[in-house]
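For reference, the structure is listed below as structure tokens.
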Protein chains: 2
Amino acid sequence: MKKPKLATVAAQAGVSVATASQVLRGTGRISEQTRKRVLAAADDLNYVPDARAVAMRSGVNREIGLVIHEISNPLNAEVMSGVCDLLESEGFLVSVLDSRDSAERQRRHLEAFIRSSRSGLIWVPAADTPSDEVDLLANHRMPTVTFLRRLPNSPFDHVGIEDAAAISAAVNHLADLGHQRIAYLGGIATFGVRVDRLAGYHRTLSERSPFGPIVWDCEDNKRSGLDAMIALKNAHPDVTAVVCNGDMVAIGATQGLLRMGLRPGPDLSIVGFDDIQDAAVTTPPLTTMTIRPYQLGRRLARTLLDRIADPHMLRAVTMVPAELVCRDTTAPPAPPARRLAMAGR
Amino acid sequence: MKKPKLATVAAQAGVSVATASQVLRGTGRISEQTRKRVLAAADDLNYVPDARAVAMRSGVNREIGLVIHEISNPLNAEVMSGVCDLLESEGFLVSVLDSRDSAERQRRHLEAFIRSSRSGLIWVPAADTPSDEVDLLANHRMPTVTFLRRLPNSPFDHVGIEDAAAISAAVNHLADLGHQRIAYLGGIATFGVRVDRLAGYHRTLSERSPFGPIVWDCEDNKRSGLDAMIALKNAHPDVTAVVCNGDMVAIGATQGLLRMGLRPGPDLSIVGFDDIQDAAVTTPPLTTMTIRPYQLGRRLARTLLDRIADPHMLRAVTMVPAELVCRDTTAPPAPPARRLAMAGR
DNA sequence: CCAGTCCGATAAAACGATTTAGCACAGTGA
DNA sequence: TCACTGTGCTAAATCGTTTTATCGGACTGG
């Protein structure tokens with residue numbers, strides 16, 4: 001009735017455990033006759049080797065962990081698909097833990113991964129990650145690749161997005177259309193992502209527009225984007241275009257405009273960031289910066305595999321470009337601000 | 001330079017491994033003096049016990065697995081939050097695997113969980129799950145709770161939604177508003193979820209409307225919902241209300257209406273299912289059936305814990321109710337089909 | 001007939017922890 | 001002094017595998 005172990009199989013086949021192990025692993029010199037007996041016994045008992053014992057004896061795990069700040073974020077979901085596909089094809093099991101941007105939860109997750117000696121870690125650090133998490137991982141020689149958010153003084157490989165260049169492209173696109181009063185909406189202040197993107201915004205705006213920057217904070221979800229857009233438009237009625245820190249915010253912002261009776265595009269231009277699947281389906285479809293999230297996930301996985309293969313390799317920071325996808329939320333500015341017949345709510 | 005093990009700690013503290021173990025576990029009779037020495041040594045080396053060895057020796061794992069058909073589905077994300085919160089508070093580590101509705105991937109995941117002797121499994125079966133997966137899990141005595149999709153002849157605990165009653169409520173709501181030509185949109189045909197929901201639809205429609213049912217298939221995402229809504233409206237121009245199999249479809253459907261120049265609500269009523277976070281943020285906000293996904297996740301976790309605590313308990317099938325949330329996509333039918341000023345696309 | 005070579009199978013030592021039984025020693029009461 | 005009782009610690013067995021060294025036998029060549 002109990003779970004069969006290797007000894008059970010060996011006993012049933014009338015051989016020693018060593019022999020049984022060699023048959024199952026395909027190593028050593030075994031006669032065809034005994035090989036068949038062992039295989040039959042294993043199949044009969046439907047024997048499954050205990051992964052813990054195997055890992056303990058042979059030292060390796062083929063399990064990698066993914067610690068992510070928000071599992072339900074559509075961008076992350078697509079990246080994860082890419083990561084999993086590549087790693088699974090190499091025979092790894094990848095298990096996902098969601099820190100929900102809580103440093104405490106994240107700490108528990110990282111410790112659990114260390115305790116169970118996962119063979120590698122792909123990590124989007126939580127927003128308020130303390131600096132000693134890096135030491136924790138580094139001390140335990142955990143092969144680690146960070147994604148999206150780079151930690152200060154990080155010794156780890158990193159895959160990120162060319163944020164400044166991307167936002168530059170967005171601002172240039174708007175300026176080409178004739179916009180001058182261009183605001184920046186969203187993002188969490190702590191992280192490099194936001195810093196780099198804002199740098200791109202400030203630099204390009206100063207090149208292309210006589211007006212100063214307008215930066216408006218909000219959280220990274222549709223509800224916040226919606227509220228923030230309304231507040232921003234009331235505070236700065238002359239703004240004609242908004243660059244958003246992410247598609248969630250941008251989609252929220254278009255909803256905000258609709259509720260104010262304004263048409264996204266003709267009345268106020270909006271550019272998103274990430275090109276999540278929703279971006280193409282909202283009404284109107286969102287102009288945004290796309291980063292090919294699935295492919296990015298594959299690159300992430302590849303980076304980790306390289307690190308596992310050679311722990312002494314030089315640290316690599318890979319930046320992938322983002323490209324502009326023009327849909328319907330950007331248009332030349334319209335001098336008179338027309339009101340739409342169908343008022344919102 | 002290598003990872004410190006218990007023997008390293010013991011050596012540094014000048015005691016035996018047995019003593020070191022007892023200090024760290026807090027068992028046995030240990031003098032205050034040696035206790036301090038061991039603790040200091042462990043801290044100094046920053047020792048972390050090897051979870052694999054611990055699990056192997058003591059037989060238990062405190063790791064549970066979550067195999068889900070689509071990790072990026074917003075409903076699942078909220079359910080997962082509830083599951084994780086409860087299980088983590090009980091000291092379990094929960095790792096998530098995404099089958100992406102592929103039976104093959106799912107099989108690999110389940111086998112991996114069995115090999116590593118996870119102490120339990122919460123499972124949303126993939127759409128084309130073969131029946132022998134059930135045997136696989138049952139043979140290995142894996143404590144399992146299925147969610148959302150119930151397998152035929154399943155010996156496992158299950159937590160599901162009162163689908164038929166919920167759809168009944170949705171149809172009644174529409175009928176109360178005066179609708180008679182009510183269609184059903186979306187869902188994957190294989191599963192009980194869809195069967196039960198359709199049963200509720202057929203039954204209640206026949207009670208409340210002189211017209212026959214209209215059932216229109218589509219996949220469970222916004223893009224499909226959008227396309228299907230347009231096709232449905234063209235095929236059946238006299239339909240005035242649509243009940244959707246999920247919020248993703250419903251949101252897609254509202255987008256489809258907007259692109260046709262119709263107003264969701266006044267021109268055609270739509271009811272969703274799930275009440276995902278987006279539902280309240282789309283324009284117009286979606287009328288839908290809410291199931292309190294976070295609380296549902298907690299119940300799921302509780303069910304699994306009970307099962308782990310007592311493997312011989314009678315199988316439990318728990319159905320949770322869904323409640324109507326009225327927002328702005330349902331309204332009394334308007335006799336003349338007015339066109340909106342702002343045409344879509 | 002002996003040394004050498006292969007072949008097939010196995011005993012035993014790891015892997016890193018927990019746990020049980022027992023040992024040495026000090027203190028206590030008779 | 002002896003028997004007894006705690007106290008503080010440790011040796012050794014154990015969990016389920018893999019791997020290494022070894023062993024007996026059959027065969028080969030000189």
Side-chain angles (χ1 to χ4, degrees), chain A residues 2-39 41-42 45-63 111-119 140-141, chain B residues 1-39 41-42 45-63 111-112 114-119 140-141:
Chain A
K2 295 195 61 187
K3 210 179 158 188
K5 45 188 198 174
L6 193 52
T8 324
V9 175
Q12 179 152 133
V15 297
S16 71
V17 278
T19 308
S21 173
Q22 300 196 99
V23 168
L24 264 23
R25 301 269 345 225
T27 67
R29 299 172 299 217
I30 304 288
S31 75
E32 196 51 37
Q33 197 197 36
T34 50
R35 135 171 271 103
K36 272 204 214 111
R37 280 219 313 284
V38 171
L39 254 22
L45 296 165
N46 54 59
Y47 166 73
V48 175
D50 183 327
R52 296 172 305 189
V54 172
M56 203 173 96
R57 168 64 227 222
S58 45
V60 278
N61 229 348
R62 300 200 87 73
E63 261 190 82
E111 283 179 348
F113 277 158
I114 288 173
R115 267 201 299 278
S116 55
S117 306
R118 292 290 202 280
S119 41
H140 288 274
R141 308 273 129 74
Chain B
M1 275 299 106
K2 296 194 61 186
K3 209 178 157 187
K5 47 187 196 172
L6 192 52
T8 324
V9 175
Q12 179 151 134
V15 298
S16 72
V17 278
T19 306
S21 173
Q22 299 196 99
V23 168
L24 264 23
R25 303 274 340 231
T27 67
R29 297 175 298 220
I30 304 288
S31 74
E32 197 50 36
Q33 198 198 35
T34 49
R35 136 172 270 103
K36 272 202 215 113
R37 280 220 313 283
V38 171
L39 255 20
L45 296 166
N46 54 59
Y47 166 73
V48 175
D50 183 328
R52 298 171 304 189
V54 172
M56 206 174 90
R57 169 66 226 228
S58 45
V60 277
N61 229 348
R62 299 201 87 74
E63 261 190 82
E111 284 179 347
I114 288 172
R115 266 201 300 277
S116 54
S117 304
R118 292 291 201 278
S119 40
H140 288 275
R141 309 274 129 74

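Numbers restart at 1 for each chain; the letters A, B, ... are given by sequence-line order, proteins then strands.
- A/L39 meets the side-chain contact (heavy atoms from CB on, under 4.5 Å) test with A/V23, A/L24, A/R35; sequence neighbours excluded.
- Atom CD1 of B/I30 and atom CZ of B/R25 lie 13.0 Å apart (nearest 0.5 Å).
- In the set D/dT10, C/dG16, D/dG16, the nucleotide with an atom closest to the side chain of B/K5 is C/dG16.
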Pairs: protein N or O with nucleotides 19-23 of chain C N or O, under 3.5 Å:
residue: C/dT19; atom: O4'; partner: B/R57; partner atom: NH2; Å: 3.4

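- Atom CG in A/L24 sits about 13 Å away from atom P in D/dT19, given to the nearest Å.
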- Message: Apply side-chain contact (heavy atoms from CB on, under 4.5 Å) to residues B/N46 and A/H140 and explain how you reach the verdict.
- Response: CA-CA 9 Å; B/N46 54 59; A/H140 288 274; 3.7 Å; yes
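- Among residues two or more places apart in sequence or in another chain, the side-chain contact (heavy atoms from CB on, under 4.5 Å) test is passed with A/E63 by A/N61, A/L93, A/R118, B/R118.
- End-to-end axis angle of the helix from C/dC1-D/dG30 to C/dA30-D/dT1, from C1' rotation axes over five pairs per end: 70° (rounded to 10 degrees).
- Contacts classified as salt bridge (Lys or Arg N to Asp or Glu O under 4.0 Å) and involving residues 50-61 of chain B (residues at least two apart or in different chains) are given here: B/D50-B/R52.
- For the OP1/OP2 pair of D/dT17 and a distance below 4.0 Å, the side-chain nitrogens and oxygens of A/Y47 include at least one atom meeting the criterion.
- Between A/P4 and A/Q12, the closest side-chain pair of non-hydrogen atoms is not below 4.5 Å.
- Atom C1' of nucleotide C/dA17 and atom CZ of A/R115 are separated by 14 Å, given to the nearest angstrom.
- With rounding to the nearest 0.5 Å, the separation of OG in A/S31 from NZ in A/K36 is 9.5 Å.
- Rounded to whole Å, the distance from CG on A/L6 to C1' on D/dT18 is 9 Å.
- The phosphate of C/dA9 (OP1 or OP2) has a side-chain N or O of A/S31 nearer than 4.0 angstrom.
- A/A18 is linked by a side-chain contact (heavy atoms from CB on, under 4.5 Å) to A/S16, counting only residues two or more places apart in sequence or in another chain.
- Between B/R37 atom CZ and D/dT10 atom C1' the separation is 14 Å, expressed in whole Å.
- Position along DNA chain D of the nearest nucleotide to B/I30 versus B/M56 favours B/I30 as the more 5'-ward residue.
- Side-chain N/O atoms of B/S16 include none lying less than 4.0 angstrom from OP1 or OP2 on D/dA11.
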